[in-house]
Amino acid sequence: VQLQASGGGLVQAGGSLRLSCAASESTFSRYNMAWLRQAPGKERELVAAIGAGGAITYYTESVKGRFTISRKNRDNTVYLQMNSLKAEDTAVYYCAAGSNWGRTRRSELDYWGQGTLVTVSS
């Protein structure tokens, strides 16, 4: 599965961005999807994940209430709506696909897309 992330950019604190990740195959609907990020000098962290059917989601504590992950299986696309952005959200964001939910939650993912840079100015 090839994944193509887009939607990053420069935004002021308090603003919003929507990231998109398009998958190359119709088997997309079989995979759990995740967004991860890596800020300069920091370890990569799992930001949000969504189950294959879209019924279950996970968010890291720092983004709860601000970010929403969603997916459209018919379009082979997963989204990350980011609202009320903060300077500490600045990072390269990656989308990834995993076949097992437990492993997805541990950031043990099977396929990775290229990153898209999100920069939040304060």
Side-chain angles (χ1 to χ4, degrees):
V1 178
Q2 292 184 330
L3 303 172
Q4 181 73 39
S6 61
L10 174 63
V11 63
Q12 288 188 332
S16 298
L17 280 176
R18 189 175 81 155
L19 304 183
S20 300
C21 177
S24 60
E25 300 180 8
S26 60
T27 54
F28 168 83
S29 63
R30 302 178 186 175
Y31 290 93
N32 307 295
M33 297 299 297
W35 287 98
L36 304 95
R37 67 186 179 188
Q38 187 164 22
K42 295 188 177 181
E43 293 187 355
R44 187 165 53 199
E45 67 168 337
L46 178 64
V47 175
I50 187 166
I56 54 174
T57 57
Y58 163 84
Y59 297 95
T60 194
E61 191 65 33
S62 62
V63 308
K64 285 181 180 178
R66 300 189 298 122
F67 290 12
T68 302
I69 188 170
S70 61
R71 65 190 297 162
K72 287 186 178 180
N73 285 346
R74 63 183 179 185
D75 295 334
N76 296 343
T77 304
V78 62
Y79 303 96
L80 185 68
Q81 178 67 43
M82 305 185 295
N83 299 330
S84 302
L85 282 160
K86 305 176 181 180
E88 51 263 43
D89 295 318
T90 294
V92 177
Y93 284 71
Y94 300 88
C95 65
S99 56
N100 176 274
W101 180 250
R103 295 180 69 246
T104 296
R105 284 286 312 275
R106 296 191 298 270
S107 301
E108 297 169 4
L109 295 144
D110 300 311
Y111 301 98
W112 291 80
Q114 91 294 352
T116 185
L117 177 63
V118 173
T119 304
V120 183
S121 62
S122 56

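Judged purely by atom type and a 3.5 angstrom limit, Thr77 uses its side chain to pair as donor or acceptor with the backbone of Asp75. In this structure, the side chain of Arg71 engages the main chain of Gly51 through a donor-acceptor pair within 3.5 Å. With hydrogens and angles ignored, the 3.5 Å screen pairs a side-chain donor or acceptor of Asp110 with a backbone N or O of Ser99. In this structure, the side chain of Asp89 does not engage the main chain of Asn83 through any donor-acceptor pair within 3.5 Å. Within the 3.5 Å criterion, the main-chain N or O of Ala5 finds a donor-acceptor partner in the side chain of Gln114. A donor-acceptor pair under 3.5 Å is absent between the side-chain atoms of Thr119 and the main chain of Thr90, judged by distance alone.
With rounding to the nearest 0.5 angstrom, the OG atom of Ser29 is 16.0 Å from the NZ atom of Lys72. Rounding to the nearest 0.5 Å gives a distance of 4.5 Å between CG of Leu19 and CH2 of Trp35. How far OH of Tyr79 is from SG of Cys95: 12.0 Å, rounded to the nearest 0.5 Å. To the nearest 0.5 Å, the span separating OG on Ser70 from CG on Leu80 amounts to 8.5 Å. Put simply, OG on Ser62 and NZ on Lys86 are 7.5 Å apart, with the number rounded to the nearest 0.5 Å. Note: Arg37 CZ to Arg44 CZ = 13.5 Å, rounded to the nearest 0.5 Å.
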Before you tell me yes or no, could you show the steps for Ile69 and Val78 under side-chain contact (heavy atoms from CB on, under 4.5 Å), namely the whole-Å CA-CA distance, both residues' side-chain angles and the distance that decides it to 0.1 Å? CA-CA 7 Å; Ile69 188 170; Val78 62; 4.0 Å; yes

Is there a side-chain contact (heavy atoms from CB on, under 4.5 Å) between Thr60 and Phe67? Walk through the geometry before answering. CA-CA 10 Å; Thr60 194; Phe67 290 12; over 6 Å; no

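Of all heavy-atom pairs between Ser122 and Ala13, the closest is CA-CB, 4.2 Å. Closest approach of Leu3 and Ala96 over heavy atoms only: CD1-CA, 3.7 Å. When all heavy atoms are compared, the tightest approach of Leu46 to Arg105 is CD2-O, 3.5 Å. Contact detail for Tyr59 and Thr68: the closest heavy-atom pair is OH-CA, 3.4 Å. For the pair Asn76 and Phe28, the tightest heavy-atom approach, listed with the atom from each and the gap, is CA-CD2, 3.4 Å. Residues Gly115 and Val92 share a closest heavy-atom pair of CA-CG1, 3.6 Å.
Connection of Val63 to Val118 is established within a shared hydrophobic cluster, with ILVMFWY side chains joined at heavy-atom distances below 4.5 Å, either directly or through further cluster members. Under the 4.5 Å side-chain contact rule for hydrophobic residues, Tyr94 and Leu117 share a cluster. Follow the hydrophobic side-chain contacts under 4.5 Å out from Tyr58 and you never reach Val47; the two are in separate clusters. By the rule that hydrophobic residues join a cluster once side-chain heavy atoms approach within less than 4.5 Å of another member, Leu109 and Trp101 end up as members of one cluster. Leu36 and Leu17 are members of different hydrophobic clusters when ILVMFWY side chains are connected at heavy-atom separations under 4.5 Å.
By the 6.0 Å contact criterion, CZ on Arg30 is open, its count of non-hydrogen atoms from other residues, nucleotides or ligands being 12 or less. For Gln2, the CD atom is loosely surrounded, since the number of other residues' heavy atoms within 6.0 Å does not exceed 12.
Here the side chains of Tyr31 and Thr104 are not in contact, with every heavy-atom distance at 4.5 Å or above. Between Arg66 and Met82, every side-chain heavy-atom pair lies at or beyond the 4.5 Å cut-off. At a threshold of 4.5 Å between non-hydrogen side-chain atoms, the residues Asn32 and Arg103 do not count as touching. In this structure, Ser6 and Thr116 have side chains that are not in contact, with every pair of non-hydrogen atoms separated by 4.5 Å or more.
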